[in-house]
Amino acid sequence: VQRSPLIPEMATQEVQLNETLAHLKTESETLKSKLEEERAKLHDVELHQVAEKVEGLGQFVMKTRRTLKGHGNKVLCMDWCKDKRRIVSSSQDGKVIVWDAFTTNKEHAVTMPCTWVMACAYAPSGCAVACGGLDNKCSVYPLSLDKNENLAAKKKSVAMHTNYLSACSFTNSDMQILTSSGDGTCALWDVESGQLLQSFHGHAADVLCLDLAPSETGNTFVSGGCDKKANVWDMRSGQCIQSFETHESDINSVRYYPSGDAFASGSDDATCRLYDLRADREVAIYSKESIIFGVSSVDFSLSGRLLFGGYNDYTINVWDVLKGTRVSILFGHENRVSTLRVSPDGTAFSTGSWDHTLRVCDDCYFFIGIKYNQNLCTFNFTPCAPDKPPLSLTATHLPKYSNLKKHIYRST
Amino acid sequence: MMSSKAHSSNNIANARRTVQQLRIEASIERIKVSKACADLMSYCSEHARSDPLLMGIPASDNPFKDKKPCTIL
């Protein structure tokens with residue numbers, strides 16, 4: 001409703017403000033076009049074209065090595081400890097559990113005051129875990145060596161948001177935590193004092209995920225949200241330095257490529273995408289017509305050649321990052337895969353699911369042909385896939401030699 | 001109830017922020033996609049040998065694998 005101003009001066013001021021607004025909007029549109037133009041100028045080729053000369057990977061067979069049972073409801077998040085063997089997981093049941101993934105033993109369990117613990121993270125030292133969710137907070141629990149000690153007693157409340165905590169991550173020390181929230185912001189906190197060090201504004205809706213750049217590449221992180229945007233931030237200034245909006249739905253997961261020059265994203269639009277930071281654009285899409293369910297979480301193998309995606313159709317799809325093709329599909333979970341991380345030494349990956357379990361998986365592959373080396377007393381297997389290393393085993397590891405000729409073998 | 005002038009001021013503040021943000025994003029230095037992809041590829045090939053999920057490692061080095069390393073199909 002247009003209220004006619006009583007004083008002529010106010011009328012002039014209002015007209016001036018409206019003109020300024022229109023002017024700013026025009027400038028905004030011009031800048032957006034310029035941005036697209038600049039990006040397009042450098043778009044001389046697609047990643048999969050450049051990668052044509054790279055040798056293909058063949059098919060992988062993934063296998064579940066461990067199943068971690070103990071949560072009473074959906075597993076929502078997990079993280080590896082730097083020791084490559086412990087895992088922390090959080091669940092809708094309100095519990096946070098620390099597991100020894102080798103033995104499947106539960107080492108610690110904390111009951112949170114809320115259900116839907118959507119985020120958890122292991123501290124770099126391995127001595128604490130952070131978690132939060134519907135309580136709008138991120139709390140840090142020091143892990144005690146004394147099994148009888150009540151972890152909840154030493155709990156430290158660090159972050160306070162005005163909506164749910166969607167993700168959290170320690171920076172390269174136990175002293176600072178980065179959080180993302182349903183309130184549309186990310187924030188950096190000092191663990192000891194609980195002080196807010198920096199806040200990051202720019203998403204137009206819930207922020208669902210974040211990932212810190214590998215430490216060599218400097219102080220940046222990437223976040224993804226319900227506004228379909230992936231934003232790259234300068235941690236010191238709070239400034240958004242790059243923004244990407246090519247997904248067609250919520251971005252549930254973001255993960256840096258190991259070199260720090262790119263990052264991958266997984267979305268409810270059923271695709272994963274790769275964005276190169278120096279080219280400032282999307283350089284690959286990982287999708288198939290048959291894949292119609294959203295991606296909840298993504299992570300790279302150590303070299304960046306493989307991208308693992310956990311999907312809402314209960315599967316894990318593994319992609320050749322360079323060629324854009326799918327190299328493996330893993331079944332096993334009985335409900336949505338909600339979280340996925342490759343272990344710190346890259347030997348395995350772990351997934352968490354709405355089926356209440358976590359799994360630890362890696363790949364096995366097929367051999368054909370066998371030769372006996374008399375000098376070393378070993379059997380040498382030739383792998384089916386040409387890019388795999390040959391396997392050399394002593395007799396103690398094998399069934400009787402007479403059974404072995406002319407067979408295809410699968411490594412366990 | 002906000003006056004129409006306050007509404008306009010808010011919208012202007014938001015519009016200014018958007019323009020400032022776009023100026024920053026438009027001004028960054030970019031490299032060609034072909035160069036960026038070549039770098040991604042060389043990182044992959046340099047690190048392929050030490051990527052256990054890509055190349056596989058002997059059962060004795062992988063704590064998750066059983067020591068009996070193969071079955072006959």
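The basis for the numbers below is simple: all heavy atoms, side chains too, and nothing from hydrogens, waters or symmetry mates. Because the structure is predicted, anything quoted here is derived from the model rather than measured.
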Next on the checklist: Please classify the contact of A:R85 with chain B as side chain, backbone, both or neither, using a heavy-atom distance under 4.5 Å.
Outcome noted: neither
Checklist entry - Given the rule in the side chain to side chain contact (heavy atoms under 4.5 Å, CB included) test, do A:L277 and A:F244 qualify, once you have shown the distances and angles that lead to the verdict? => result CA-CA 10 Å; A:L277 293 168; A:F244 303 89; 4.1 Å; yes
Checklist entry - Is it the side chain or the backbone of B:I28 that comes within 4.5 Å of chain A heavy atoms, both, or neither? => result side chain
Checklist entry - Between A:F349 and A:F308, how do the two ring planes meet: parallel, tilted or perpendicular, split at 30° and 60°? => result tilted
Checklist entry - When only pairs under 4.5 Å are counted, which of B:T18, B:N14, B:L40 shares the most heavy-atom pairs with chain A? => result B:L40
Checklist entry - With chain B, which of A:A262, A:P258, A:A284, A:G304 has the greatest number of heavy-atom pairs at distances under 4.5 Å? => result A:P258
Checklist entry - Rounded to the nearest 0.5 Å, how far apart are NE2 of A:H203 and CG of A:N231? => result 4.0 Å
Item to check | Stepwise side chain to side chain contact (heavy atoms under 4.5 Å, CB included) check, B:H47 with A:L302 | outcome: CA-CA 7 Å; B:H47 293 85; A:L302 233 50; over 6 Å; no
Checklist entry - Got a second to check how far B:Q20's CD is from A:C240's SG, nearest 0.5 Å? => result 13.0 Å
Checklist entry - Can you tell which of A:Q239, A:K41, A:R39, A:E46 has the highest number of heavy-atom pairs within less than 4.5 Å of chain B? => result A:Q239
Checklist entry - Based on non-hydrogen pairs under 4.5 Å, which of A:S243, A:A51, A:G346 is most in contact with chain B? => result A:G346
Checklist entry - chain A heavy atoms under 4.5 Å from B:S27: which part of the residue, side chain, backbone, both or neither? => result neither
Next on the checklist: Under a 3.5 Å distance rule, please check whether A:S343 uses its side chain to pair with a backbone N or O of A:A348 as donor and acceptor.
Outcome noted: yes
Item to check | Region of B:R17 in contact with chain A, defined by heavy-atom distances below 4.5 Å | outcome: neither
Checklist outcome for this item: Ranked by heavy-atom pairs below 4.5 Å to chain B, first place among A:T20, A:L42, A:L322 goes to A:L42
Checklist entry - What residue, out of A:H43, A:R305, A:R278, has the most heavy-atom pairs lying under 4.5 Å from chain B? => result A:R278
Checklist outcome for this item: Distance col, row B:I31:CD1 vs A:D276:CG, nearest 0.5 angstrom, shows 6.0 Å
Next on the checklist: Is A:V50 in contact with chain B via its backbone, its side chain, both, or neither, using a 4.5 Å heavy-atom distance?
Outcome noted: both
Next on the checklist: Would the distance check show the side chain of A:S28 and the main-chain N or O of A:L24 forming a donor-acceptor pair, the cut-off being under 3.5 Å?
Outcome noted: no
Next on the checklist: For the NZ atom on A:K323, are there more than 12 heavy atoms of other groups (residues, nucleotides or ligands in this structure) within a distance under 6.0 Å?
Outcome noted: yes
Checklist entry - What part of A:V342 gets closer than 4.5 Å to chain B, counting heavy atoms only: side chain, backbone, both or neither? => result side chain
Checklist entry - Given that the side chain runs from C-beta out, which part of B:E29 has a heavy atom under 4.5 Å from chain A: side chain, backbone, both or neither? => result backbone
